[in-house]
There are 2 protein chains.
Amino acid sequence: MATMHDVARLAQVSVSTVSYVLTGARPISQATRAKVLTAMAELDYQPNAMARGLASRRSRILGLLLPMDERGLGATETAFVTGAAAAASAVGYHLVLSPVGGGGDLDGLRRLASQRMFDGVVLMEVQLADERVTALQQAGVPLVLIGRTGDTDGLSYVDIDFAQTVREAVAHLVGLGHRQIVYVNHSAETLASGYGPALRTRDAFVTAMTGHGLEPVMIPAQDSAAGGRAALAAAFARTPDLTAVLAMNETAVFGILGELTARGLAVPDDVSVVSMVTSPQVAELATPALTTMTSPGSAMGRIAIEALVRHLDGAGDERHQQLLPCALEIRGSTAAPRSRHTDGG
Amino acid sequence: MATMHDVARLAQVSVSTVSYVLTGARPISQATRAKVLTAMAELDYQPNAMARGLASRRSRILGLLLPMDERGLGATETAFVTGAAAAASAVGYHLVLSPVGGGGDLDGLRRLASQRMFDGVVLMEVQLADERVTALQQAGVPLVLIGRTGDTDGLSYVDIDFAQTVREAVAHLVGLGHRQIVYVNHSAETLASGYGPALRTRDAFVTAMTGHGLEPVMIPAQDSAAGGRAALAAAFARTPDLTAVLAMNETAVFGILGELTARGLAVPDDVSVVSMVTSPQVAELATPALTTMTSPGSAMGRIAIEALVRHLDGAGDERHQQLLPCALEIRGSTAAPRSRHTDGG
DNA sequence: CCGCTTCGTCGAACCGCTTCGACGACTACC
DNA sequence: GGTAGTCGTCGAAGCGGTTCGACGAAGCGG
């Protein structure tokens, strides 16, 4: 491995000159620059990342903190992670995937932050009240959240615009003529734990339905196919003439579809289904393919990283707060309701 | 941020003594150790990762090189990545997710390797003939492959035992009484490009079927639901009385299921389906849930990292070569064939 | 009681880069 | 033509650790 000294010697200049050629921190004449560049090429020189990081106090490494308690990432999260990795790589940063124990491991987090390995971090799966955020802030690490806390004062975040997403989804169904729409949310425990997406979509659903003069019927469901089945059964018990299901639960939605088929109901002729915050790949797995509110997973990853890097490179300490809506993608699982009951109620 | 000097001053010892307390490279008396530890606690000292990396020439960072050309990772790859991240974190290493341009970007790879940022790397999606492997070897980076090249001499790798996996899958179907089994593989282009899993399962399928005295019928399919549909149509054209499908293509298998339903055929009563190298989460999305050869994604990630770290920490330069079979998990998509043709040919 | 190890600690030399102050050589302006 | 800036370059001092050689104090066999 050639070092800067080797390059300097070969080019007959000082080390600092080599450094300035590399960083552009000071002007260098064309002639000198050429000499140095030639020497670098000849020696196949690559700057040592650790040395650079130590001297400049910038590691050019970003941390992606993800909770590891869950049983694996969903398609949306995966898209987010790869989008973030690609974006980081594109701007010359490295991205460390750092699984952190869910919640309890605050000390571990602080230790991580104090090692000065990360120039900044992206924190995933933020809860409404999240002590990790304050821990990280106190450690002085530049921070971008995915999701957001209740109080976002002085914080940078990127999140899904759940209100807008739900509004559009409901508008789509109502526009098709649906009146009996049931919302299948995450489980009651998840709601109770303060999981932002579940709470925000719940509120948004109530608002949207009420706005259309309709009754907001909501059913919780476990994150599993069985949970979806059970939820659909519960939905029919409560609203026998439902014609549409809005689901917030990638896993449960397939159970819903299965249960629908088992009951001899066709999608979309008897019941329309919209799956929210869902990736196209998953949507295509169903037959018919699911109409979804497509999650901007990869874009969110990119935007989060770009915001973080902008904050690091630029001197400004502006906060980046952005909400991204999910895009309605109409596939085969939604249609006008078959006029079973023309006007009853 | 307190430094080692601060700790040394407070504990009234030299910096090197503090270092020895930390690394254990030399014996330190109980009394001194206690003084140092107390000082560290008082100052809330955390060693600087960059400085340590520079001085020790060990960054404690591992690279996970994944091709970024594809449209996102599947569930199996995701499990692999998270498994690797968890394993790295457990042994005190960091894991950098490094998307590298597929194939052509050899120079970028070399540059990456020369930066000495990674103590070692895990290379995913290895092709049968993969120049990235030699590039990395020449750069002198400790390396573990996921998948394997044609010639694995002197290389460490972890891969799926495709031969064993296919043998078990076929045995399962044959054991149920199936005789007309069609194998749906990846696309012809993928085969032609030298994609190991596709080639190895192809060969294994021929061997397994021939071993049972059966004819190995194989159909390629694009990696999409539509591809699965087309493949199934082709399969029926070629083998009208097929009773079982063995699929090597997580995406296509859902198209196959859809097409089966469209043709009025029930799973598993009319046609049994086994999906290979598939995660349980995906299996549960289908109705009925798919019988799979479950991919050991997370375990592979863990094993790869552990092998790499063992190689780094231990002095030994033994190679780690390991094949992991997929486990047969019987769910609802396989059953004995309905005796449509009792014995016909 | 002497010479030899072993133990515990220190000081100093790096690791390979960035960055600051200094300085000679020009250019520019009055 | 003297003074004041720029420009281009150099030397040296870090950045915060690790690690090696050295050395005094014990411990030990003869």
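Lettering of chains follows the sequences in order, A, B, ..., and the numbering in each one begins at 1. Remember, it's a predicted structure, so these values are computed and weren't measured experimentally.
When the C1' atom of dT18(C) is taken as reference, atom CZ of Arg60(A) falls 14 Å away, rounded to whole Å. Note: CD (Gln115(B)) to C1' (dG16(C)) measures 14 Å, nearest angstrom. Straight-line distance from the CE atom of Met4(A) to the C1' atom of dC15(C): 14 Å, rounded to whole Å. Rounded to whole angstrom, the span from the CE atom of Met117(A) across to the P atom of dC15(D) amounts to 20 Å. Atom CG in Asn48(B) sits about 17 Å away from atom P in dC17(C), given to the nearest Å. The interatomic distance linking Leu43(B) (CG) with dG17(D) (P) rounds to 12 Å, in whole Å. Note: CZ (Arg116(B)) to C1' (dC15(C)) measures 14 Å, nearest angstrom. Taking atom CE of residue Met50(B) and atom C1' of nucleotide dG14(D), one finds them 17 Å apart after rounding to whole Å.
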Between Met1(B) and Asn48(B), does a side chain to side chain contact (heavy atoms under 4.5 Å, CB included) hold up when you go through it step by step? CA-CA 9 Å; Met1(B) 284 303 115; Asn48(B) 180 300; over 6 Å; no
Determine whether Val96(B) and Leu64(B) satisfy the following criterion, side chain to side chain contact (heavy atoms under 4.5 Å, CB included), listing intermediate values before the conclusion. CA-CA 6 Å; Val96(B) 166; Leu64(B) 183 56; over 6 Å; no
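Nearest nucleotide to the Thr3(B) side chain, out of dG16(D), dC15(C), dC17(C): dG16(D). Among the nucleotides dT18(C), dC10(C), dC15(C), the one closest to any side-chain atom of Arg57(B) is dC15(C). Considering only side-chain atoms of Arg26(B), the nucleotide from dC15(D), dT18(D), dC10(C) that sits closest is dC10(C). For Pro27(A), whose side chain is taken as the heavy atoms from C-beta onward, the closest listed nucleotide among dT18(C), dC10(D), dC7(D) is dC7(D).
Within 3.5 Å, no donor on the side chain of Tyr20(B) pairs with an acceptor on the base of dC7(C), nor the reverse.
Checking the phosphate oxygens (OP1, OP2) of dC17(C), no side-chain nitrogen or oxygen of Ser56(A) falls inside 4.0 Å. Distances shorter than 4.0 Å separate none of the side-chain N or O atoms of Ser19(A) from OP1 or OP2 on dC17(C). For dC10(C), the OP1/OP2 oxygens have a side-chain nitrogen or oxygen of Ser14(B) closer than 4.0 Å. Side-chain nitrogen and oxygen atoms of Ser16(B) include none within less than 4.0 Å of the OP1 or OP2 phosphate oxygen of dC10(C). Between Arg52(A) and the phosphate of dG16(C), there is no side-chain N or O to OP1/OP2 separation shorter than 4.0 Å.
Among the heavy atoms of the strands lying under 4.0 Å from Pro47(B) are primed sugar atoms or P, OP1, OP2 only; no base atom is included. When heavy atoms are screened at a 4.0 angstrom cut-off, Leu54(B) is found touching base atoms of the nucleic acid. Counting non-hydrogen atoms under 4.0 angstrom, Val18(A) reaches nothing in the nucleic acid.
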Both atom distances under 3.5 Å, Watson-Crick or G-U wobble: I'd like the secondary structure of DNA chain D as a dot-bracket string, with | for pairs made across strands. ||||||||||||||||||||||||||||||
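A donor-acceptor contact closer than 3.5 angstrom is absent between the side chains of Glu318(A) and His320(A). Remark: the Ser16(B) side chain and the Ser19(B) side chain contain no N/O donor-acceptor pair separated by less than 3.5 Å. Counted by atom type alone, Thr78(A) and Thr78(B) present one or more donor-acceptor pairs between their side chains at under 3.5 Å. Checking Ser14(B) against Thr17(B) by side-chain atom types alone, a donor-acceptor pair falls below 3.5 Å.
Taking for each of Thr17(B) and Gln46(A) the nucleotide of DNA chain C with the nearest heavy atom, the 5'-most of the two is the partner of Thr17(B). Projected onto DNA chain C by closest heavy-atom contact, Ile28(B) and Ala51(B) fall at different nucleotides, the more 5' of which corresponds to Ile28(B).
Using a cutoff of 4.0 Å between basic side-chain nitrogens and carboxylate oxygens, Asp313(A) and Arg58(A) are scored as salt-bridged.
Two residues are said to be in side-chain contact when any heavy atoms from C-beta on lie closer than 4.5 Å; Phe80(A) and Met124(A) meet this criterion.
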